[in-house]
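A, B, ... follow the sequence lines: proteins, then strands. Residue 1 opens every chain.
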Amino acid sequence: MGRKKLLKKLAEFFDSDMRERGQRDDELADLLNRLKTKETEMKNRLDSISDPEEVKDLKKKIDIVHAQRKKGISMLKNVRNPNDEKDA
Amino acid sequence: MLRKIFLPTIFLILSWGFWISPEFKVIAAGVAIFLFGMMSLESGFKVFTGGTLEKILKYSTNRVWKSLSFGIVTTSVMQSSSLISLITISFLSAGLISLQAGIGIVFGANLGTTTGAWLVAAFGLKVKIAEYAMPMLVFGTLLIFQHSKSLKGVGYILCGLGFLFLGIHYMKEGFESLNYDLDLARFAVTGFAGLLLYCLIGMLATVIMQSSHATLVLTLTALSSGQIGYESALALAIGANIGTTITAIIGSFSANEQGKRLALAHLAFNFTTALVALVLMNPLLSLVDVISEGLGIQETSYSMKLAVFHTLFNLLGVIIMMPAVKPMTQALIQFIPDKTPSRLQPRYLHDSAIGYADTATESVRKETLHIWENTIDLVAHSINVPREQVVEVNDRLNNTIKRSRVTDSFDLDRFYQLRIKSLYSAIIGFISRASFSWDVEQSGEVHWLRKANQDMVDAIKNIKHLRKNMIHYTQKPNTVIKQQYDAIRLEVVRVASSIEQIRYASPEQMPSLMIDQIRLEIDSKYKDNNKSVSKLIQDNRIDSEMAISLMNDLSYLYNFSTHLLDMAHTVFIKHNKELSGAEKAVQLDEQELRDIQDRHESEAK
């Protein structure tokens, strides 16, 4: 394990707030990756669909996933920079 | 009949004993104080088992060796194998641990309980134990009067320990005084017959006192004062081991098949261990002497040697029975098969699960799922679509709906009374019977599960309203209105099957985010359907009476869908521990979904 990662783990061990933030950061980062993959897959599928109703449905789903990603990114920014949230 | 005469008989025997022997009175009081101390200890530990112990139990029992270690450690700390057995039966009944894990814990508990003999033999009999007891009782009582739950718990534990020590003190005093008047050792029965007799006495004493600890302490104090011989004491300890299984067997009466299997496994282990110890008594005694010499225990320190023997024969039992855990589990499942579950009776609300917050919550969650299963049946019958096509939409569904009509042959009210309301009432009754105090997290979860059940009931009420016009219009010659109601039936099926998809979705499929899509679809469909109705009136394809019926029923459909979705969110998402907090947090709220809907509507224009 690298020094930086080890120091981070030690800090998280002693500071429960930091531990929770670290866990939240990891969960959000993983979720955002999966959402990005999902959004890309759906966008690629758009080209192969001809039925207008199906296209309409798929576009709505893409918008939902996009909105979820946007919300997740905003949450991740707050987790990584909690002071910005306090100042705001 | 037997139960009615048992207590008065015990009272009579004790009263006679107190009358003829003041020393017996002191010994009996010592036992009573000791048992009271154990109850106080249990109450104290229960305060702290509101979540921590259960969480540890869930995650440290996925291997047999882990569950064995768990049993050893917790029983050594709590000094009560009965408490651990009852917690294990509760968890097993609620389906939170496997039978194999439960068996491992019980085996470990048998080994952990031997630490009690060591504590009494090494410490309890050698010091003026009452002097330690008194300050414990004073401080413990003061803490019990505090408001804080944790301080109260510590108070009960301190008082428990104090009473334990005081009980040992009185038992010691009683036996020492008895020495002057009576030498029980004169009446000792020797040989194998003697071993069996004392084994039986140990078993009976443990059954009556409901505590192998109490029997063991009584044995140790009697042995240290010379009232019983060394070999008699060993046989008493073996008998106490068998007698302690009675607690588990009594506990399993209110448990399901899993609990009963565990109680049987406990009995099998202790019985086998006792048999092995009796048969191999002489070699075991030689081994005890060797180990005692190694540990520096004096040859005549029979109390310490009893502690060594107690640990040794239980350890032997674990070594013999551990390899047999898997085949034993399979044999138990065959011997006590699962009962065919009834759709009418609660399946998971066993009294054995009500003792602890986690097991009670899990039982309520599972029973809620049972109600959901029955709700699917009700929905399928209400719209006259086979259940298998409701839970999994397939190509035949459109045809099924087109070719069928909804009739009034299905008695929805009766179905609701028998298979929904009865179970819902049972859940409410179960929650109210819980005597522990819920911690914040668990009481929140139970509150939401109660709401989830209410959501299903509300969804059913909407289906009931829908059915009235569905029955009327699916039989009409006007194909337009029949098509509209067939579309409603299709929508009902789509909502129910979407919820089943969420239920069985893996974490990788991100079920909490699927709910956002379904919510948006329900809202869009509601708006589109209402626009269609307006167009149908304008085109004179339906009359105004049909239009009003349709609009009302579309509203009932919307309410039905949203109630079921709320239920799904509570049961399958909010309290699904497999899903990450992040996934639950990025779910879109009503405003965010409305913004997406509005954007699409303006693009469509």
Sort B/Leu588 into side chain, backbone, both or neither according to what part of it lies under 4.5 angstrom from a heavy atom of chain A. both
Scanning both residues in full, the closest heavy-atom pair of B/Ile596 with A/Ala67 reads CD1-CB, 3.9 Å
Interatomic spacing from CD in B/Glu521 to CD1 in A/Ile64 - rounded to 0.5 Å: 7.5 Å
Contacting region of B/Glu592 [heavy-atom separation from chain A under 4.5 Å]: side chain
Nearest heavy-atom pair of A/Lys56 and B/His600: which atoms, and what distance? O-CE1, 4.4 Å
Are any of the side-chain heavy atoms of A/Gln68 and B/Met510 separated by less than 4.5 Å? no
Leading residue by heavy atom contact count with chain B [cutoff under 4.5 Å; candidates A/Leu35, A/Val65, A/Leu32]: A/Leu35
Relative to chain B, which segment of A/Lys70 carries a heavy atom at a distance below 4.5 Å: side chain, backbone, both, or neither? neither
Among A/Lys60, A/Met75, A/Lys61, residue most engaged with chain B (heavy-atom pairs, under 4.5 Å): A/Lys60
NZ (A/Lys38) with more than 12 external heavy atoms under 6.0 Å: yes
Tell me, for A/Val79 versus chain B, whether the close heavy atoms (under 4.5 Å) come from the side chain, the backbone, both or neither. neither
B/Leu513 versus chain A, the contacting section by heavy-atom distance below 4.5 Å: both
Considering non-hydrogen atoms only, spot the tightest contact between A/Arg24 and B/Ala585 and give its length. NH2-CB, 3.6 Å
Go through the atoms of B/Gln597 and report whether side chain, backbone, both or neither lie under 4.5 Å from a heavy atom of chain A. side chain
